[in-house]
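Letters go in sequence order (proteins before strands), and every chain restarts at 1.
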Amino acid sequence: MTESIPAPGPNGASGFDFIREAVDLDLKNGRYAYVRTRLPPEPNGWMHIGHAKAFSIDYFVAKDFGGTCNLRFDDTNPEKEDMSYVEAIKRDTFWLGIDCRDRVLFASDYYEKLYELAVLLIKKGVAYVDDLSDQEIREYRGTDVPDKNNITSTPPGRNSPWRERGVEENLDLFARMRSGEFADGARTLRAKIDMAHPNLVMRDPVMYRIRREKHYRTGDAWCIYPMYDFQHPLSDAIEGVTHSLCSLEYEIHRPLYEWFIREAEVFPSRQIEFARLNISHTVLSKRWLLRLVQDGLVSGWDDPRMPTIAGMRRRGYTPEAIHDFLGRIGIAKTDSLVDIQLLEHCLREDLNRRASRVLAVLRPLRLIIENWPAGQVEDLEAVNNPEDAQAGTRKVPFSGELWIERDDFAEVPPPKYFRLFPGNSVRLRYGFIVTCTGFDKDPGSGEITAVRCTYDPLTKGGNAPDNRKVKGTIHWVSAAHAIPLEARLFDKLFVAERPMDVPVGVDWVQTVNPASLETVSRAFAEPSLATAAHGDSFQFERLGYFCCDSDSRPGNLVFNRSVSLRDTWAKIEKKQS
RNA sequence: UCCCCGGUUGUGUAAUGGUAGCACAGCAGACUCUGGAUCUGCUUGUGGGGGUUCGAAUCCUCCCUGGGGAACCA
């Protein structure tokens with residue numbers, strides 16, 4: 001892995017979260033002699049920050065105990081899976097610094113082995129071929145209820161009439177299932193456990209179904225496919241996985257996980273569950289994200305508003321910021337909703353340290369310096385990163401006609417406003433102190449078209465020789481030297497904290513924040529930005545962190561606002577209104 | 001309320017029978033050539049009742065409350 005990425009540190013005094021405690025104990029009492037985990041994505045969508053949490057836990061738990069971690073694609077549903085997803089997941093995983101490059105595995109490579117284990121279970125008399133239809137299986141199981149949320153009891157199910165078939169017949173039928181003798185859905189292989197079990201997943205779960213669907217890796221080699229509950233524990237066992245870490249939704253499946261391990265007499269992998277990640281104002285579910293993509297509400301899986309790793313990368317997130325975030329949220333079993341502001345905080349903190357500063361104006365307003373010598377241009381020295389002395393300085397051209405931020409001028413200043421207004425002085429960052437002498441206004445529209453000022457030549461670089469205090473410092477770009485750019489400003493994808501909690505009858509997809517993307521097509525930046533490459537991050541001073549987008553071309557620059565700067569003025573403004 | 005799992009400041013997470021801490025958010029201030037960064041201070045919490053104990057967030061019990069489960073998905 002990339003050594004610069006620290007493992008997320010538990011913030012407790014014990015030094016361990018509950019998973020690491022369990023692993024530590026397992027090692028100490030000899031339950032396992034080593035540690036091996038696995039990342040089990042299904043290649044049916046792109047990786048998001050919720051998967052990154054799971055991946056990070058798997059990877060770093062193994063690493064912390066000197067173990068290994070496999071990246072195993074859980075690809076047993078040919079209807080939804082695709083190689084493009086495999087590639088996307090691998091790219092994003094490795095980009096995060098989770099380096100399983102030499103341990104990329106596929107459950108589909110175990111089909112033959114899994115088949116053999118199924119045969120073993122049939123021979124032991126704990127698996128049988130069932131002729132019931134899917135509807136009948138539900139009915140027999142006793143779970144075919146109209147309203148799952150409003151039941152008062154779960155009566156025992158009934159045994160399938162085919163449950164007591166002989167071993168030989170089961171063996172024969174299962175072989176014929178594989179050879180394609182039966183129609184899709186005509187029969188299944190089921191585990192013979194207990195149709196009266198209070199845990200519904202233990203009521204003779206289906207192990208194999210018949211499905212004639214081309215698999216993206218095995219093609220037409222198989223027409224029967226194993227189910228998750230059967231495949232997953234045995235794949236873990238095949239790989240010698242000691243700790244199979246997964247989200248809480250599988251907790252209820254653990255007895256079944258253990259049942260298959262025990263009955264198949266394979267390596268005793270252990271499943272431990274933790275709470276999945278939820279973040280406010282977004283959705284973390286491949287199904288919902290797919291819907292956003294398919295309905296065209298975002299530009300794709302890598303839309304910078306998406307909580308996918310690809311989207312976050314394009315937005316300007318760094319692996320370090322993501323790992324920092326994942327370390328801070330911790331690991332627990334409580335269902336939680338993490339404030340998206342924590343994620344943004346982690347990005348700010350990381351980018352503050354590393355991003356070069358640059359002067360750019362998003363909503364330009366002309367500033368005319370009336371006493372500036374006509375035609376004169378000065379190269380002023382600007383600090384690249386005040387947080388990093390090694391970053392050095394650069395020259396920025398200054399002239400008598402500048403672009404400044406429209407917000408940085410007020411005809412009538414609100415209380416506590418200390419930027420430009422008639423009669424007031426401000427410092428132009430790294431430039432001169434100027435005093436506002438007036439402004440031009442379009443008589444028709446009332447729009448301010450230019451601000452006028454005079455400069456003090458003795459304040460070059462921004463320092464006043466008389467040490468007078470100037471409260472405001474604003475950013476600027478020389479109009480004659482400005483390079484144009486497009487800026488994409490993002491806001492929360494959803495206004496609602498929990499987008500999926502919508503009133504009945506409302507389609508959550510319609511609640512996407514209409515202001516989540518604002519395109520500013522006529523912004524200007526200092527010349528140094530012209531050479532930015534895709535993925536480069538900068539701080540546009542006083543505005544926020546911006547990342548050069550993959551749509552950017554020389555002469556047609558596009559920047560994404562990764563996150564804004566903390567904005568104290570916005571808070572003051574908000575309080576005043 | 002059929003089965004399973006949870007409930008610690010606004011949010012997330014520690015404290016493993018012995019001082020309820022940390023981070024984010026919020027508030028107030030200092031400093032500042034980014035209303036950035038940095039620094040200082042502050043507010044707010046063990047869901048409720050009973051029990052065990054010298055002592056309970058922690059153990060027991062009842063209640064309340066949140067999530068999950070019943071696919072030939074994973």
S.K.: Which part of the nucleic acid does Lys416(A) contact within heavy-atom distance under 4.0 Å: base, sugar-phosphate only, or nothing?
M.R.: base
S.K.: Using atom CZ of Arg427(A) as one end and atom C1' of U34(B) as the other, report the distance to the nearest whole Å.
M.R.: 11 Å
S.K.: Just do the salt bridge (Lys or Arg N to Asp or Glu O under 4.0 Å) check on Arg187(A) and Asp130(A) with the steps written out, would you?
M.R.: CA-CA 6 Å; Arg187(A) 292 184 220 262; Asp130(A) 194 0; over 6 Å; no
S.K.: Figure out the CZ/P separation between Arg141(A) and G69(B), and round it to whole Å.
M.R.: 15 Å
S.K.: Could you write out RNA chain B as a dot-bracket string, with dots for unpaired bases, | for bases paired across to another strand, and Watson-Crick or G-U pairs counted at under 3.5 Å?
M.R.: .((((((..((((....[..)))).(((((.......)))))....(((((..]....))))))))))).....
S.K.: Take atom P in A30(B) and the same atom in G18(B), then report the distance between them in whole Å.
M.R.: 43 Å
S.K.: Just how far, in rounded Å, is C1' of G36(B) from OH of Tyr430(A)?
M.R.: 11 Å
S.K.: Quick test of your reading of the model: are Asp456(A) and Arg427(A) salt-bridged, counting only N-O distances below 4.0 Å?
M.R.: no
S.K.: Quick one: are Arg394(A) and Glu381(A) in side-chain contact, heavy atoms under 4.5 Å?
M.R.: no
S.K.: So if I take every side-chain heavy atom of Thr154(A) and compare against C24(B), U34(B), A70(B), which nucleotide ends up nearest?
M.R.: A70(B)
S.K.: Are any of Lys333(A)'s side-chain N or O atoms less than 4.0 Å away from OP1 or OP2 of G68(B)?
M.R.: no
S.K.: Check for me whether the distance between the ring centres of Phe398(A) and Phe432(A) falls short of 6.0 Å.
M.R.: yes
S.K.: In terms of side-chain geometry, is the basic nitrogen of Asp324(A) or Arg328(A) positioned less than 4.0 Å from the acidic oxygen of its partner?
M.R.: yes
S.K.: Arg328(A) side chain N/O closer than 4.0 Å to the phosphate oxygens (OP1, OP2) of C22(B)?
M.R.: no
S.K.: If you only use heavy atoms from C-beta on, which nucleotide in U34(B), G12(B), C72(B) is closest to the side chain of Arg357(A)?
M.R.: U34(B)
S.K.: For nucleotides C2(B) and G17(B), find the distance between their P atoms and express it as a whole number of Å.
M.R.: 34 Å
S.K.: What's the gap between U46(B) and A56(B) when it is taken at their P atoms, as a whole Å value?
M.R.: 15 Å
S.K.: For U11(B), does the base pair up with any side-chain atom of Gln341(A) as donor and acceptor (N or O, under 3.5 Å, distance only)?
M.R.: no
S.K.: Report the relative orientation of the aromatic rings in Tyr417(A) and Trp569(A); use parallel for angles under 30°, tilted for 30 to 60°, perpendicular for over 60°.
M.R.: perpendicular
S.K.: Can you tell me how far P in U19(B) sits from the matching atom in A57(B), rounded to whole Å?
M.R.: 10 Å
S.K.: To the nearest Å, give me how far apart NZ (Lys286(A)) and P (C73(B)) are.
M.R.: 16 Å
S.K.: Out of G69(B), G35(B), C72(B), which has the shortest distance to the side chain of Phe418(A)?
M.R.: G35(B)
S.K.: Taking the side chain of Arg138(A) as heavy atoms from C-beta outward, which of A71(B), A70(B), G26(B) is closest to it?
M.R.: A71(B)
S.K.: On the nucleotide A74(B), are OP1 or OP2 found under 4.0 Å from the side-chain N or O atoms that Thr76(A) carries?
M.R.: yes
S.K.: Think Arg353(A) has a side-chain N or O under 4.0 angstrom from the OP1 or OP2 of A37(B)?
M.R.: no
S.K.: Touch check for Ile433(A), heavy atoms < 4.0 angstrom, all strands: base, sugar-phosphate only, or nothing?
M.R.: nothing
S.K.: To the nearest 0.5 Å, what is the distance between SG (Cys346(A)) and CD (Gln341(A))?
M.R.: 12.0 Å
S.K.: At less than 4.0 Å, is any side-chain N or O atom of His475(A) found next to OP1 or OP2 of U34(B)? Yes or no.
M.R.: no
S.K.: Looking at every strand, decide which applies to Tyr417(A) at a 4.0 Å heavy-atom threshold: base, sugar-phosphate, or nothing.
M.R.: base
S.K.: Between the base of G36(B) and the side chain of Glu387(A), is there any donor-acceptor pair under 3.5 Å?
M.R.: yes
S.K.: Taking the same atom, C1', in G69(B) and in C73(B), what whole-Å distance lies between them?
M.R.: 15 Å
S.K.: Salt bridge between Asp74(A) and Arg72(A), side-chain N to carboxylate O under 4.0 Å?
M.R.: yes
S.K.: Ring centroid separation for Phe538(A) and Phe546(A), is it under 6.0 angstrom?
M.R.: no
S.K.: Using a strict cut-off of less than 4.0 Å between a Lys/Arg side-chain nitrogen and an Asp/Glu carboxylate oxygen, indicate whether Glu541(A) and Arg429(A) qualify as a salt bridge.
M.R.: yes
S.K.: Heavy atoms from C-beta onward define the side chain here; which of C73(B), G67(B), C24(B) lies closest to that of Lys80(A)?
M.R.: C73(B)
S.K.: Determine, for Arg163(A) against Asp204(A), whether the closest basic-nitrogen to carboxylate-oxygen distance falls under 4.0 angstrom.
M.R.: yes
S.K.: Checking all strands, does Glu42(A) fall into the base, sugar-phosphate, or nothing category for heavy-atom contacts under 4.0 angstrom?
M.R.: sugar-phosphate
S.K.: Are any of the side-chain nitrogens in Arg353(A) or Asp388(A) under 4.0 Å away from the carboxylate oxygens of its partner?
M.R.: no
S.K.: Between Glu139(A) and Arg158(A), does any NZ, NE, NH1 or NH2 come within less than 4.0 Å of an OD or OE carboxylate oxygen?
M.R.: no
S.K.: I'd like to know if Asp335(A) and Arg276(A) make a salt bridge, using a cut-off of under 4.0 Å between side-chain N and carboxylate O.
M.R.: no
S.K.: I want to check one thing: is the phosphate of A37(B), taken as OP1 and OP2, less than 4.0 Å away from some side-chain N or O of Arg566(A)?
M.R.: yes
S.K.: Establish, from distance only, whether the side-chain atoms of Arg38(A) and His232(A) form a donor-acceptor pair under 3.5 Å.
M.R.: yes
S.K.: Can you identify which nucleotide, out of A74(B), G35(B), G36(B), has its nearest atom closest to the Tyr250(A) side chain?
M.R.: A74(B)
S.K.: Hey, is Arg20(A) close enough to Asp64(A) for a salt bridge, meaning N to O under 4.0 Å?
M.R.: yes
S.K.: Which nucleotide in the set G35(B), G69(B), U13(B) lies at the smallest distance from any side-chain heavy atom of Ala332(A)?
M.R.: U13(B)
S.K.: Distances under 3.5 Å between protein N/O atoms and the N/O atoms of nucleotides 28-30 of chain B, please, pair by pair.
M.R.:
from	atom 1	to	atom 2	distance (Å)
A28(B)	OP1	Lys575(A)	NZ	3.3
A28(B)	OP2	Lys575(A)	NZ	3.4

S.K.: Applying a 4.0 Å non-hydrogen cut-off, can you work out what Ile329(A) is touching in the nucleic acid: base, sugar-phosphate, or nothing?
M.R.: sugar-phosphate
S.K.: Would you say Arg209(A) reaches C73(B)'s phosphate, i.e. side-chain N/O to OP1/OP2 under 4.0 Å?
M.R.: yes
S.K.: For Leu245(A) and A74(B), give me the distance from atom CG to atom P, rounded to whole Å.
M.R.: 20 Å
S.K.: Is Thr334(A) near enough to U13(B) that one of its side-chain N or O atoms lies under 4.0 angstrom from OP1 or OP2?
M.R.: yes
S.K.: Rounded to whole Å, how long is the line connecting atom CG of Leu256(A) with atom C1' of A74(B)?
M.R.: 13 Å
S.K.: Whole angstroms only, please: what is the CG-C1' distance between Asn77(A) and A74(B)?
M.R.: 8 Å
S.K.: Is the shortest side-chain N/O distance from Lys471(A) to OP1 or OP2 of U32(B) below 4.0 Å?
M.R.: no
S.K.: Can you tell me, in whole Å, how much space there is between the C1' of A23(B) and that of C59(B)?
M.R.: 30 Å
S.K.: Compare the minimum distances between each of A74(B), G35(B), C24(B) and the side chain of Glu249(A), then state the nucleotide with the smallest one.
M.R.: A74(B)
S.K.: Using atom P in both nucleotides, what's the gap between U8(B) and G47(B) to the nearest angstrom?
M.R.: 6 Å
S.K.: Looking only at atom C1', what distance separates A37(B) and C31(B), rounded to whole Å?
M.R.: 11 Å
S.K.: Give, ordered by number, those residues of residues 222-235 of chain A having at least one heavy-atom distance below 4.0 Å to an atom of RNA chain B; if nothing qualifies, reply none.
M.R.: Pro226(A), Met227(A), Tyr228(A)
